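What you see is a predicted model, and the numbers here were worked out from it, not measured in a lab.
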Amino acid sequence: MKQCDVLVVGGGGSGLAAAITAAEEGRSVVLLEKGEKLGGTTGWSIGSITAAGTPDQRAAGVDDSWQDHLADMPAWAGDLAHRDNMALCEVLTRHAADAVAWLRESGVEFIGVFEEPPHRRPRMHNVLPNSGSYIYHLSRRAQRAGVQVQLGTRAEKLLQGPDGRIVGVQACGPDGASHAIGARCVVLAGGDFNASREFKIEFGNQDQVDIPAVNRLATGDCQRMARDVGAVIVNGDIALNDPRFRFAPPARLPWFLSLPPVRPITTLMRWAMRTMPPALARPFVMSFVTTALAPEAHLLKLGAALVNRAGEAFLGDGEKIGFGIARQPGNAAWLFMDGERLQLFSRWPNFISTAPSVAYAYVDDYQRNRPDLCARAPDLEALAARSGMPLPGLQATATAAGFRDGPFLLLGPIHAVTVLADGGLAVTPQLEVLDAGGHPVPGLYAAGSTGQGGLLLKGHGHHLAWAFVSGRLAGRNASQAAVRAPATVHAAA
């Protein structure tokens, strides 16, 4: 049986952080990732990190501290503040600035800081050029540190010794064969469970069962394995909010998004965003971000219509947009607008989408950077011919919406998706997994969404901050525990 000091399950941001930290402390580390490449939900994220007391804040003249950041957290939780885990909130806010520094040391670059109320200080740091930068740089750092990465390998079961200590994992490799990997300590960092049909049903989210997840691999494998050895999930009943909705991704990414996010490129972007006139910088920035943005709900309040494949409006009175889209054929909808709305959505403050505090995308940005989403025509007859939608449906919707003159535009498809499920395993501030009695499961740690432990993490930038903070701490604590742990043996597994 293969042996290692620390075994990490999950190859997203938290798993990479844990694996790198343990390996750089001299431990032998194996990382299992069931997907064909590293990335996890981190690779699908917007890319912002919220932290206090950073050099970016000081350069901007912002006087801030982790204590002030911690004091602002209940405002984000709102009516659910009593459900938040303030001990873990302190871990997050205390160590977030160090995580940003560690990421920058790894090669990641940021622009900021930006405001986001109810934060009382600007704290949002946005990655350049996009969230792929995290995985690009951390995967290379992991390789340099000697982390043994096994892709296409799904963890199936935690292995326990006679004393209940976790001594490894049973996994299924790319060839479909199961095998055991022994470890002195295991870190679970496999993300959340928003792609799990079973967990959605268990925690009362049956209405979201058929809504696809942004990260289809987020099936809660780590939560399931941990519960099999006595662990518990915290806040599972409030894990999923209303489904989100996003524009379909391009069939092929533009060439510039395949450029490596190395220092010369990100430094150039940072310089351009800081010094160039907005009229020159905006098109450059928007070319990077319009591939992954979502339409804003306020567009419907300003007169745009939302239609299905038949060109018909479908939202019921008070119905949530995500649920309405999900029940349409193909889980697909389109924004429908006339000439008056085209003009309206071409200038501030009526944007189509926003990348938080980076840039706002208007109609022209989508026509320039995402022509695959745009069907535009001078009249409804031509729009029906170009889009393939039935003319009667478009005509009826246009009449009901008060549309008069062209040109007309259909923008989509837009799909309903689930993004995150915030129910994670109960953990100590040292990221040890707790059993139902509140005792640590020996040899078992959790990080990221898997080890969210009751944190609510509202607002932009807190999920990623927690991923890297908890990943580094879990990796360090597992590394130190591995030194003290007895060697695993085949018989124990």
How about H119 and H460: are their ring centroids closer than 6.0 Å? no

Please answer whether the main-chain N or O of P74 pairs with a side-chain N or O of D84 as donor and acceptor at a distance below 3.5 Å. no

Around R244, counting heavy atoms of other residues, nucleotides and ligands shown, do more than 12 lie under 6.0 Å from its CZ? no

Would you say that L16 contacts T42 through its side chain, given a criterion of any heavy-atom pair below 4.5 Å between the two side chains? no

Can you confirm whether more than 12 heavy atoms, excluding those of R120, are under 6.0 Å from its CZ atom? yes

How are the rings of F408 and F403 set relative to one another: parallel (under 30°), tilted (30 to 60°) or perpendicular (over 60°)? tilted

The test is salt bridge (Lys or Arg N to Asp or Glu O under 4.0 Å); show your working for D422 and R83 and say whether it passes. CA-CA 12 Å; D422 284 339; R83 299 283 296 271; over 6 Å; no

Carboxylate-amine/guanidinium proximity below 4.0 Å for E202 and R227: yes

Can a donor-acceptor pair be found, under 3.5 Å and without considering hydrogens, that links the side chain of H415 to the backbone of A248? no

If you round to the nearest 0.5 Å, how far is OG of S470 from CD of Q452? 8.5 Å

Can you tell me if Q57 uses its side chain to pair, donor with acceptor, with the backbone of P122 under 3.5 Å? yes

Give a yes or no answer on whether the side chain of S131 reaches the backbone of G43 with a donor-acceptor pair at less than 3.5 Å. yes

Looking at F323, does the NZ or CZ of R327 lie under 6.0 angstrom from its six-membered ring centre and within 45 degrees of the ring axis? no

Look only at the side chain of N235 and the backbone of G454, and say whether a donor-acceptor pair between them is shorter than 3.5 Å. yes

Considering only heavy atoms from C-beta outward, does the side chain of P295 approach that of L411 to under 4.5 Å? no

Treating T399 as the side-chain partner and Q395 as the backbone partner, does any N or O pair qualify as donor plus acceptor under 3.5 Å? yes

Within the side chain of Y134, is there an N or O that forms a donor-acceptor pair under 3.5 Å with the backbone of G47? yes

Using atom types as modelled and distance alone, determine if a side-chain donor or acceptor of Q208 lies under 3.5 Å from a backbone N or O of I211. no

Quick one: sort the W76 and H462 rings into parallel, tilted or perpendicular, breaks at 30° and 60°. perpendicular

Distance (rounded to the nearest 0.5 Å) between F110 CZ and I49 CD1: 4.5 Å

For the pair N369 (side chain) and D365 (backbone), establish whether a donor and an acceptor sit closer than 3.5 Å, ignoring hydrogens and angles. yes

Between atom OG of S48 and atom CE of M124, what is the distance when rounded to the nearest 0.5 Å? 5.0 Å

Carboxylate-amine/guanidinium proximity below 4.0 Å for D98 and R472: no

Does the side chain of T41 come within less than 4.5 Å of H463's, by heavy atoms? no

Spatial distance of atom CG (N194) from atom CG (N205) [nearest 0.5 Å]: 10.0 Å

Tell me yes or no: between the side chains of T54 and H125, is some donor less than 3.5 Å from an acceptor? yes

Rounded to the nearest 0.5 Å, how far does CZ of R386 lie from SG of C374? 8.0 Å

Where the side chain of T153 meets the backbone of L151, is there a donor-acceptor pair that is under 3.5 Å apart? yes

Gap between atom OG1 of T450 and atom CD1 of I233 - 0.5 Å precision: 9.5 Å

Please determine whether salt bridge (Lys or Arg N to Asp or Glu O under 4.0 Å) holds for the pair R263 and E109, giving the CA-CA distance in whole Å, both sets of side-chain angles, and the decisive distance to 0.1 Å. CA-CA 7 Å; R263 289 252 190 235; E109 188 54 88; 3.6 Å; yes

Give me the ring orientation class for F203 and F193: parallel if the planes are under 30° apart, tilted from 30 to 60°, perpendicular past 60°. parallel

Might you work through the salt bridge (Lys or Arg N to Asp or Glu O under 4.0 Å) test for D210 and R197, ending with a clear yes or no? CA-CA 8 Å; D210 295 322; R197 183 182 185 90; 3.2 Å; yes

Would Q367 and R376 count as having a side-chain donor-acceptor pair, cut-off 3.5 Å? yes

Take atom CH2 in W102; do more than 12 heavy atoms of anything else shown fall under 6.0 Å from it? yes

Would you please indicate yes or no on a ring centroid separation below 6.0 angstrom for F345 and H298? no

Is any side-chain N of the basic residue among K320 and D207 closer than 4.0 Å to the acidic one's carboxylate O? no

